[in-house]
Amino acid sequence: TFPNHVPECGGDGSIERIPGQVAYRCVFRGGAAEHRRKLYHFVSKKCFDIDGLGPKQIDAFLENNLISSSDDIFTLKKGDILPLPRFAEKSVDNILQAIEKAREVSFARFIFALSIDHVGEETAEDIAKHFGKFKDFYTKVTGVKSSAFEELSAIYGIGEKVAESIVTWFLNIDNQKLVQRLLEQVTVLDEKVDDF
């Protein structure tokens, strides 16, 4: 039995069952717990794969106001992290090297890292293969809604619900600002397209 309220959700703490699924989610979107989980996801192995950065490190950075969003990870300096408890010089150097290494990311990993509803690893790969270049995808998805929606929903395995979720996410101004800030810090590599 699921509780009716989870304080970490933010808002009034209400949770709801996701229609058609056996999963529950916070009614209030954008709460602190959800934001924290998105940051854990962003640095994880299947996304930006920043070695040495996990939940404990992200929590420490958040609690010490060193980061507030995913792009802030790329602005961290040695002098920011070293004064924190349990951060030795060698581990800080390793984290900063891993962050530098993560400045180049594949198109699919970049999309997956954004935590868009209904977009898993496989869907992110399908999008990358279809569009080839993130720039082309981004221009379409932030432009005229109908063309991006139609093109996305025509990709095998995506469908209307997922296409709508993607388009809605990218048309959100705050999300566009986040992507722009990320693009100032990282390079999204074009998908390699096989020539026949």
Side-chain angles (χ1 to χ4, degrees), residues 2-4 6 8-50 54-55 58 69-71 73 102 105-183 186 188-191 193:
F2 273 80
N4 293 326
V6 178
E8 291 82 12
C9 280
D12 67 0
S14 298
I15 65 167
E16 65 183 358
R17 186 171 177 176
I18 301 171
Q21 295 184 32
V22 192
Y24 286 77
R25 67 177 171 208
C26 299
V27 173
F28 175 73
R29 306 305 296 270
E34 181 184 20
H35 179 62
R36 198 174 286 257
R37 281 194 304 274
K38 284 181 179 181
L39 289 170
Y40 298 165
H41 174 72
F42 184 88
V43 299
S44 69
K45 200 163 215 48
K46 293 186 175 185
C47 294
F48 271 75
D49 190 19
I50 305 178
I58 293 294
S69 63
S70 50
D71 58 292
I73 291 165
V105 64
S106 74
F107 182 169
R109 282 176 180 255
F110 185 80
I111 293 288
F112 186 42
L114 297 174
S115 295
I116 303 166
D117 283 349
H118 311 301
V119 177
E121 195 178 359
E122 198 174 307
T123 301
E125 286 171 9
D126 292 341
I127 292 167
K129 283 177 187 154
H130 177 82
F131 287 94
K133 297 180 181 192
F134 177 76
K135 189 178 176 186
D136 294 347
F137 164 74
Y138 189 67
T139 302
K140 281 186 181 177
V141 88
T142 55
V144 181
K145 184 176 176 178
S146 60
S147 65
F149 173 77
E150 287 162 14
E151 189 168 349
L152 281 163
S153 43
I155 298 170
Y156 179 78
I158 290 186
E160 291 186 4
K161 186 177 181 181
V162 178
E164 183 65 36
S165 179
I166 295 164
V167 171
T168 301
W169 194 93
F170 278 100
L171 287 178
N172 178 293
I173 297 301
D174 290 334
N175 292 337
Q176 287 181 23
K177 287 177 182 173
L178 171 63
V179 170
Q180 290 303 325
R181 293 195 311 269
L182 279 168
L183 293 175
V186 304
V188 181
L189 303 171
D190 294 340
E191 185 71 14
V193 180

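Not measured: the values here are computed from a predicted model.
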Taken in chain and number order and not counting sequence neighbours, the residues that satisfy side chain to side chain donor-acceptor pair (under 3.5 Å) with Ser69 are Asp71, Arg181
Only residue of Val188, Thr139, Leu189 satisfying side-chain contact (heavy atoms from CB on, under 4.5 Å) with Phe134 is Val188
Across all chains, not counting sequence neighbours, the side chain to side chain donor-acceptor pair (under 3.5 Å) partners of His41 are none
The reported gap from NZ in Lys129 to CD1 in Ile155 (rounded to nearest 0.5 angstrom) is 11.5 Å
### Task
Would you confirm whether Asp117, through its side chain, and Ser165, through its main-chain N or O, come within 3.5 Å as a donor-acceptor pair?
no
Taken in chain and number order and not counting sequence neighbours, the residues that satisfy salt bridge (Lys or Arg N to Asp or Glu O under 4.0 Å) with Lys46 are Glu121
Contacts of Asp190 meeting side-chain contact (heavy atoms from CB on, under 4.5 Å) (sequence neighbours excluded), chain-then-number -> Lys133
Original post:
So, do Thr142 and Val179 sit near enough that their side-chain heavy atoms are less than 4.5 Å apart?
Top reply: no
Residues at least two apart in sequence or cross-chain that pass salt bridge (Lys or Arg N to Asp or Glu O under 4.0 Å) with Asp126, listed by chain then number, are none
Minimal heavy-atom distance between Trp169 and Asn175, with the atoms involved, is O-ND2, 2.9 Å
Could you check if a side-chain atom of Leu39 sits within less than 4.5 angstrom of a side-chain atom of Ser70, using non-hydrogen atoms only?
yes
Name the atoms and distances for all side-chain donor-acceptor pairs under 3.5 Å in residues 106-116, with sequence neighbours left out.
from: Ser106; atom 1: OG; to: Arg109; atom 2: N; distance (Å): 3.1
from: Arg109; atom 1: NH1; to: Lys45; atom 2: O; distance (Å): 2.7
from: Arg109; atom 1: NH1; to: Cys47; atom 2: O; distance (Å): 3.0

> Can you find a heavy atom in the side chain of Asn172 that is under 4.5 Å from one in the side chain of Thr168?
Replying inline: no
inquiry  = If only side-chain N and O atoms count, and only distance matters, is there a donor-acceptor pair under 3.5 Å linking His130 with Glu151?
reply    = yes
For the residue pair Phe131 and Val141, establish whether any side-chain heavy-atom pair is separated by less than 4.5 Å. no
Sequence neighbours excluded, the answer for side-chain contact (heavy atoms from CB on, under 4.5 Å) partners of Ala102 is Phe48, Ile50, Phe74
Sorted by chain and number, sequence neighbours left out, side chain to side chain donor-acceptor pair (under 3.5 Å) with Glu160 holds for none
Is Gln180 atom CD crowded by more than 12 heavy atoms from other residues, nucleotides or ligands, each under 6.0 Å away? yes
